[in-house]
Amino acid sequence: MQGSVSGGAPSRQQALQGLAAFLPYAGRTYAAKRNFDLGAGQHRFVSGLSPDIRHRLITEEEVVATVLQAHSASAAEKFIQEVCWRTYWKGWLQQHPQVWWDYVHDLQTARDKLSTDDSLAAEVAAAERGDIGIACFDAWAKELVETGYLHNHARMWFASIWIFTLKLPWTLGADFFYRHLLDGDPASNTLSWRWVAGLHTRGKTYLARADNISDFTERRFNPSRDDLASFATPLNEDRTYVRVPLQQSDPLPVSARLVLLVTEDDLSPETWALGSAEVAGVALFKPVTCGPASSRIVRAFKIGAMADAGARSAAHWAKPVATVTTPAELAMFASAHNATAAVTTRLPVGYMQEELAHWMGSEHAVGLPIHQMQRRWDELFWPHATAGFFKLKERIPRVLEELRITKQRSAA
Ligand SMILES: Cc1cc2nc3c(=O)[nH]c(=O)nc-3n(C[C@H](O)[C@H](O)[C@H](O)COP(=O)(O)OP(=O)(O)OC[C@H]3O[C@@H](n4cnc5c(N)ncnc54)[C@H](O)[C@@H]3O)c2cc1C
């Protein structure tokens, strides 16, 4: 595992180096071994790049293009598909934003219940401490809190045990993950929890099985069958979600002087397609102010990654860079540098988008339009994230062709 999870100050440079170091494993080795959870500090068959990709210190497009320079399309197929799972979740949530609003609402209801139901509060606290007496679950809870990372298989087992064995509210589990994961992501996290619970693919649940845990942890853990639920009845919700159309990218205003508004959702502004637009300055949207209070290591990651985006922006454009925390500060910064518009990337549904919607709602305070530009990767993939993953997966070769991400040489 090579990404930011392996330590060090988060930066684009470190993410690129992490990708380069993981490259030899990204082909057939990944396909064969990616499901093994070998324990904290031993995750060598997965990349650990998710915090970097989630915050776009490196982009999905760069990751896939780099992997295809080292491996044949068939050898890299599994890795590329996994990268596209993130795209699928984001594209799907973008078209079903009500799922997010309902999650936020239901989470608040569940939190309120914690303050009146002592027994539930004690059970949740024990689960988060890793103190329920199921060794694997307890170890994963501690690994998550200490490192900010869990292997994908462990996330599936953990969520399943939380929901079906412990019978705790899934929203509280999703929130526990979100607060502690360095890659905590509204779409991947919320929808993966919903998928385990049988709410995403209606009626299809994920059941953690003792022998599967034992096999894929190489017998580090050997839970007894009696420790775990033996069936997983899908959770129910009395709601139907209607798909809403995707928004088009806002065209960049002609001959504008732009302030780039950099958020934690896309920290590589030097790769934004700005054409010949003039950049007047770069405003960094203060990280860690959105959503629930994150853990210390998540806050440190976000602050470090944002500082890196600021340093890169200063070097790239040689223009003023400032942190802004309110619409009024953005307005002042724009006015001080004679900017006529602000631009950011299309924000995925989640806490950050909600915050920016408030800012845009207060146009008087901002005093200038904020354009949302869409990355081509999202523009081409998101329309296929309407049903199950399979539909998007089928489109991967064609979209990669459109993006001109082609095989340059054959290796593995
Ligand atoms: C209950 C649950 C909650 C999750 N919460 C999050 C979350 O908050 N944020 C998050 O980024 N991922 C989440 N995932 C997805 C997945 O577990 C992580 O993306 C993956 O484990 C990251 O580790 P890695 O970088 O070593 O992955 P690798 O195996 O090296 O995969 C390469 C890249 O592909 C993407 N990827 C791989 N698997 C998935 C997947 N199942 N879904 C989406 N993207 C994937 C990631 O960008 C990852 O960096 C969750 C999964 C489950 C089951």
Side-chain angles (χ1 to χ4, degrees), residues 1-6 15 18-19 21-23 25-27 29-38 40 42-64 66-67 76-93 103 140 143-144 147-164 170-197 199-200 205-206 208 265 291-292 294 298 301 348 350-351 377 381 385 389 392-393 396:
M1 185 163 80
Q2 305 294 339
S4 292
V5 180
S6 56
L19 174 60
F22 184 70
L23 221 44
Y25 299 92
T29 307
Y30 181 81
K33 303 202 168 162
R34 74 194 169 88
N35 280 327
F36 285 91
D37 170 14
L38 303 178
Q42 302 296 321
H43 297 298
R44 51 189 177 280
F45 301 125
V46 286
S47 71
L49 288 168
S50 50
D52 306 312
I53 306 175
R54 181 263 178 262
H55 296 94
R56 283 195 164 152
L57 282 170
I58 45 173
T59 64
E60 294 88 329
E61 187 168 345
E62 289 175 302
V63 170
V64 169
T66 307
V67 165
E77 185 181 31
K78 202 70 223 172
F79 186 79
I80 294 171
Q81 284 173 3
E82 293 304 311
V83 172
C84 288
W85 266 101
R86 170 183 304 285
T87 309
Y88 166 71
W89 291 130
K90 273 168 92 171
W92 194 91
L93 194 61
Y103 161 70
W140 292 321
E143 181 181 350
L144 171 62
T147 69
Y149 180 83
L150 274 188
H151 186 278
N152 181 59
H153 223 158
R155 297 184 199 203
M156 291 161 66
W157 293 319
F158 186 98
S160 179
I161 295 171
W162 181 287
I163 297 168
F164 299 115
W170 75 268
T171 49
L172 293 176
D175 181 59
F176 175 52
F177 267 28
Y178 190 85
R179 286 182 282 116
H180 289 279
L181 283 169
L182 295 179
D183 62 29
D185 176 78
S188 289
N189 190 51
T190 315
L191 297 179
S192 296
W193 275 84
R194 284 176 58 82
W195 176 82
V196 170
L199 295 168
H200 183 73
T205 51
Y206 177 77
D265 280 332
S294 320
V298 171
F301 178 89
Y351 294 114
W377 176 276
F381 271 119
F389 177 67
L392 183 140
K393 184 172 96 171
I396 295 174

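Please read all numbers here as calculations on a predicted model, not as lab measurements. Ligands are counted one by one from 1 in listed order, and the atoms in each one are counted from 1 as well.
Within the structure, the closest approach of Leu49 to ligand 1 falls below 4.0 Å when heavy atoms are considered. Not a single heavy atom of Arg34 sits closer than 4.0 Å to an atom of ligand 1. Taking 4.0 Å as the cut-off, Trp195 does not count as a neighbour of ligand 1 on heavy-atom distance.
Tyr88 and Trp85 have perpendicular rings, their planes meeting at more than 60° on a 0 to 90° scale where under 30° would count as parallel.
The proximity of Glu82 to ligand 1, defined as any non-hydrogen pair under 4.0 Å, involves the side chain as well as the backbone. Contact annotation: for Phe177 versus ligand 1, heavy atoms closer than 4.0 Å belong to the side chain alone. Residue Asn152 touches ligand 1 through backbone and side chain together, judged by heavy-atom distances below 4.0 Å. Proximity of Leu181 to ligand 1, defined as any heavy-atom pair under 4.0 Å, is confined to the side chain (atoms from C-beta onward). Contacts between Phe158 and ligand 1, counted as non-hydrogen atom pairs separated by less than 4.0 Å, are absent for every part of the residue.
Listed by atom number, the atoms of ligand 1 under 4.0 Å from Val46 heavy atoms are 26 (O), 29 (O), 30 (O). Atoms of ligand 1 lying under 4.0 Å from at least one heavy atom of Ile53, given by number and element, are 47 (O), 49 (O). Heavy-atom proximity to Phe79, at under 4.0 Å, picks out these atoms of ligand 1: 30 (O), 32 (C). Each of the atoms 8 (O) of ligand 1 lies under 4.0 Å from some heavy atom of Gly184. When each atom of ligand 1 is checked for a heavy atom of Tyr149 under 4.0 Å away, the hits are 23 (O), 24 (P), 26 (O). Per-residue contacts place Trp89 under 4.0 angstrom from the following atoms of ligand 1 (heavy atoms of the residue considered): 42 (N), 43 (C).
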**OP:** Could you walk me through whether Tyr149 and Arg155 pass side chain to side chain contact (heavy atoms under 4.5 Å, CB included), step by step?
**Re:** CA-CA 9 Å; Tyr149 180 83; Arg155 297 184 199 203; 3.8 Å; yes
Original post:
Would Tyr103 and Leu93 count as a side chain to side chain contact (heavy atoms under 4.5 Å, CB included) if you check the C-alpha gap in whole Å, the side-chain angles of each, and the deciding distance to 0.1 Å?
Top reply: CA-CA 12 Å; Tyr103 161 70; Leu93 194 61; over 6 Å; no
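A heavy-atom distance below 4.5 Å is found between the side chains of Glu143 and Leu150.
Residues that satisfy the ring pair (Phe, Tyr, Trp, His ring centres under 6.0 Å) test with Phe176, not counting sequence neighbours, are His180. Under the rule for a salt bridge (charged side-chain N to carboxylate O under 4.0 Å, His left out), the partners of Arg194 that lie at least two apart in sequence or sit in another chain are Glu237.
Taking only non-hydrogen atoms, the option from Tyr178, Tyr25, Tyr30, Phe389 nearest to atom 29 (O) of ligand 1 is Tyr30. When Arg86, His153, Lys90 are ranked by how near their heavy atoms come to atom 43 (C) of ligand 1, first place goes to Arg86.
Backbone and side-chain nitrogen or oxygen atoms of Val196 are examined, and none is located within less than 3.5 angstrom of a nitrogen or oxygen of ligand 1. Between Trp193 and ligand 1, not a single N/O pair is under 3.5 Å apart. For ligand 1, the polar-atom distance check against Ser192 finds no nitrogen or oxygen pair separated by under 3.5 Å.
Checking Arg54, Lys90, His55 one by one against Asp265, the side-chain hydrogen bond (donor to acceptor under 3.5 Å, both in side chains) holds for a single residue, Arg54. Each of Trp92, Trp195, Trp170 was evaluated against His200; a single residue qualifies, Trp92, per the ring pair (Phe, Tyr, Trp, His ring centres under 6.0 Å) test. With respect to Ser50, the side-chain hydrogen bond (donor to acceptor under 3.5 Å, both in side chains) criterion is satisfied by exactly one of Asp185, Asn152, Asp183: Asp183. Screening Trp140, Phe164, Phe177 for a ring pair (Phe, Tyr, Trp, His ring centres under 6.0 Å) involving Phe158 leaves a single residue, Phe177.
A distance of 12.0 Å separates OG1 in Thr87 from CD in Gln81, rounded to the nearest 0.5 Å.
A salt bridge between Glu60 and Arg56 is present, with a side-chain N of the basic residue lying under 4.0 Å from a carboxylate O of the acidic one.
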